[in-house]
Amino acid sequence: MWSYALEKPNTGSIFSLTWSIDGTQVAGACGNGHVIFAHVIEQHWEWKNFEVTLTKRRAMQVRNVINDAVDLLEFRDRVIKASLKYGHLVVSTSLQCYVFSTKNWNTPLIFDLKEGTVSLILQCERHFLLVDGGSLFLYSYEGRLISSPKVPGMRTDILNAQTVSLSNDTIAMKDKTDEKLIYLFDALSGKPLGDGKPLAHKIEVVEIALDQGGPAIERKIAFVDKNRDLYISTVRRLGKEQKAVKIGSMVHTLAWSDLSNILCGIQDNRFTVWYYPNVAYVDKELLPKTISEKDGSEYTKSPQIVSFVGNRVTIRRSDGSLVHTNISPYPAIIHDYITASKWDEAVRLCRFVKEQTTWACLAAMAITNKDMSTAEIAYAAIGEIDKVQYINSIKDLPSKESRLAHIQLFSGNFQDAEAIILQAGLIYQAIQLNIDSYNWERALELAVKHKTHVDTVLAYRQKYLNDLNKKETNKRFLQYAEGVSRSVH
């Protein structure tokens, strides 16, 4: 908490104060029998080179800091909420919503509000979300209503930027009745994603944030739970169980970049940037090498990240002051190169920059996109020689299916790898995969099911036991070994 303004009205002592529901007006009962009304002004919004200030109840001033051009915006009714992001200023008054483009401040798009009690405005690149009265409304910047997602029993009056998140294709919100659940909706239809079940965590969730870049199928959500652990999870399940992966601890505030899938947060009094959080699903050992940390003691206790635009992060300290910090621009450029499939340019940039984080990000991105040649170069640059050798062995595999399976295996997705091989009808390879991973029972199960190579599994099992000087105790193996020896005789 900090002092925002000080007024000393000539009304005697003020005995009681009450705020309006929208938080823009306050009424006070005064000692001299008068009732005093006050309005919050001088609120401030920033985005890139634009500054917007609420100068009066019904007027705003826009300043372009590059050329010092000033525009005055006037409204018919008092301003309740505003948001400035992604090249648009969205302003809600008590009756209408105004959408301004930063390219033209003179002709806003105006439409009437359903209830006129907007408590939250969230923006993403293509559209914006209004929490108006008891409902959520998603609008395009042309003023067209796209969808209105509904959660039974949802209390909209307590929703805020930490409990609702918006991206081009997804809306996520945290439930107050059961704080372990995160509801996920398709932005365009307003319907729940997948089978309609919310994402469930083991303990209460306190903050959520959707990433902004990339295609809908790769959408990720980051969330912080009550223990202040930071997790990342896929949003679209594709028939598989959603798997949340822990990527940080003691995280107090977080934000995704407005363009690239780069995450930043204050972690245990250190300002931390996860340049490629998706690495947790590709090669978890690489995660520490894709993270950048610096001392965050200057942000004092309980700071809040206000915005993350381009490579600039704005943090509000506990005394209300704003601090700006910059991050390396190179990982964001690599994200852009990979989106455009410019692998050679990405390698050239990494060679020019000579930073471990950029090479580690490129290695993980290459594995995600199954570009093994780039992965080999990137892993070699960060000294992961064992992985380079494994990638070489993958490149030498004869069939496309076995190469895909071994890439899944590289990322630790054993079941996916086995499924790919079985789908291609490569039974012996699937059995060998389980033998190499010492999944003996599964190897025998596959051999028996497909009536092939049972003797091979038994031979490998026997060699394994001989090496350890142990005797067979597994009843299934004893049973089939007896059957094989009987058929030999």
Novice: Using the side chain to side chain donor-acceptor pair (under 3.5 Å) rule, pick out the option among Asn67, Asn64, Thr102 that qualifies with Asn49.
Specialist: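 When side chain to side chain donor-acceptor pair (under 3.5 Å) is applied between Asn49 and each of Asn67, Asn64, Thr102, only Asn64 qualifies.
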Novice: If the condition is ring pair (Phe, Tyr, Trp, His ring centres under 6.0 Å), which residues does His453 pass it with, not counting sequence neighbours?
Specialist: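 His453 satisfies ring pair (Phe, Tyr, Trp, His ring centres under 6.0 Å) with Tyr428 once adjacent residues are dropped.
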Novice: Would the distance check show the side chain of Ser318 and the main-chain N or O of Lys301 forming a donor-acceptor pair, the cut-off being under 3.5 Å?
Specialist: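 A pair under 3.5 Å: yes.
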Novice: Going by distance alone, is a donor N or O of one side chain under 3.5 Å from an acceptor N or O of the other, for Arg236 and Thr170?
Specialist: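 Distance-only check passes for Arg236 and Thr170.
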Novice: Looking only at atom types and distance, does a side-chain atom of Ser165 sit under 3.5 Å from a main-chain N or O of Leu210, one as donor and one as acceptor?
Specialist: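 Yes, Ser165 side chain to Leu210 backbone: donor-acceptor pair under 3.5 Å.
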Novice: Trp45 side chain to Ala82 main-chain N or O, any donor-acceptor pair under 3.5 Å?
Specialist: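 Checked: pair present.
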Novice: State, to 0.1 Å, how close Ala280 and Ile247 come at their nearest heavy-atom pair, and which atoms those are.
Specialist: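 Scanning both residues completely, I find the closest heavy atoms to be CB-CG2, 3.8 Å.
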Novice: For Phe477, what residues pass the ring pair (Phe, Tyr, Trp, His ring centres under 6.0 Å) criterion, not counting sequence neighbours?
Specialist: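 Phe477 satisfies ring pair (Phe, Tyr, Trp, His ring centres under 6.0 Å) with no residue once adjacent residues are dropped.
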Novice: Within the side chain of Asn369, is there an N or O that forms a donor-acceptor pair under 3.5 Å with the backbone of Met365?
Specialist: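 Yes: the side chain of Asn369 pairs with the backbone of Met365.
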Novice: Is there a donor-acceptor contact under 3.5 Å from the side chain of Ser147 to the main chain of Ala187?
Specialist: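 Between the backbone of Ala187 and the side chain of Ser147 there is a qualifying donor-acceptor contact (under 3.5 Å).
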Novice: For Arg348, is there an ion pair with Asp344 - N to carboxylate O distance below 4.0 angstrom?
Specialist: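 No.
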Novice: Just by distance, no angles: are the side chains of Ser437 and Asn439 close enough, under 3.5 Å, to form a donor-acceptor pair?
Specialist: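 Result is no, nothing qualifies.
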Novice: Where is the tightest heavy-atom contact between Ile266 and Tyr299, given as atom of each residue plus distance?
Specialist: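 Result for this residue pair: CD1-CD1, 3.8 Å.
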Novice: Under 3.5 Å, is there a donor-acceptor pair linking the side chains of Asn278 and Lys220?
Specialist: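 Looking only at side-chain atoms, Lys220 and Asn278 do form a donor-acceptor pair, the distance falling under 3.5 Å.
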Novice: May I ask you to decide if Glu298's main-chain N or O and Arg317's side chain share a donor-acceptor pair within less than 3.5 Å?
Specialist: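 Flag set: sc Arg317 to bb Glu298 pair under 3.5 Å.
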Novice: With Phe128, which residues qualify under ring pair (Phe, Tyr, Trp, His ring centres under 6.0 Å), at least two apart?
Specialist: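 Result, ring pair (Phe, Tyr, Trp, His ring centres under 6.0 Å) vs Phe128: Tyr139, Tyr141.
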Novice: Please enumerate all residues that pass ring pair (Phe, Tyr, Trp, His ring centres under 6.0 Å) together with Tyr464, with sequence neighbours excluded.
Specialist: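 Tyr464 satisfies ring pair (Phe, Tyr, Trp, His ring centres under 6.0 Å) with Tyr438, Trp440 only.
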Novice: How would you list, by chain and number, every residue that makes a side-chain hydrogen bond (donor to acceptor under 3.5 Å, both in side chains) with Asn104, sequence neighbours excluded?
Specialist: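 Partners of Asn104 by the side-chain hydrogen bond (donor to acceptor under 3.5 Å, both in side chains) criterion, ordered by chain and then number, come out as Thr107.
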Novice: With rounding to the nearest 0.5 angstrom, report the CD to CG distance, Glu441 to Asn474.
Specialist: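 Between atom CD of Glu441 and atom CG of Asn474 there are 4.5 Å.
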Novice: With a 4.0 Å cut-off on N to O distance, would you call Glu345 and Lys342 a salt bridge?
Specialist: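 Here Glu345 does not pair with Lys342 in a salt bridge, since their nearest N and O are not under 4.0 Å apart.
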Novice: What's the separation between atom NZ in Lys180 and atom CD1 in Ile203, rounded to the nearest 0.5 Å?
Specialist: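 The NZ atom of Lys180 sits 8.5 Å away from the CD1 atom of Ile203.
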Novice: With ring centroids as reference points, do His335 and Tyr276 lie under 6.0 angstrom apart?
Specialist: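 Distance test on ring centres: under 6.0 Å, yes.
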Novice: Tyr390 ring centre to Lys395 NZ or CZ under 6.0 Å, with the angle to the axis within 45°?
Specialist: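 Lys395 over Tyr390 ring: no.
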Novice: Looking at Val454 and Val448, what are the two nearest heavy atoms and their distance?
Specialist: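 Heavy atoms only, the tightest pair is CG2-N, 4.0 Å.
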Novice: Check whether the side chains of Gln212 and Ser167 place a donor and an acceptor atom closer than 3.5 Å, and report yes or no.
Specialist: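 No - no donor-acceptor pair under 3.5 Å links their side chains.
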Novice: For the CZ atom of Phe271 and the OG atom of Ser292, what is their distance to the nearest 0.5 Å?
Specialist: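 Separation between the atoms: 8.0 Å.
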Novice: Cut-off 3.5 Å, side chains only: do Asp396 and Ser393 have a donor facing an acceptor?
Specialist: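 Asp396 vs Ser393: no donor-acceptor pair found between side chains.
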Novice: Please round to the nearest 0.5 Å and tell me the distance separating atom CG of Asp229 and atom NE2 of His201.
Specialist: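 Between atom CG of Asp229 and atom NE2 of His201 there are 7.0 Å.
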Novice: Does either side chain, that of Ser101 or that of His88, offer a donor lying less than 3.5 Å from an acceptor on the other one?
Specialist: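 No pair is found: no donor N or O on one side chain lies under 3.5 Å from an acceptor on the other.
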Novice: Quick one: list whatever passes side chain to side chain contact (heavy atoms under 4.5 Å, CB included) with Val206, sequence neighbours left out.
Specialist: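 Residues passing side chain to side chain contact (heavy atoms under 4.5 Å, CB included) with Val206: Val224, Arg228.
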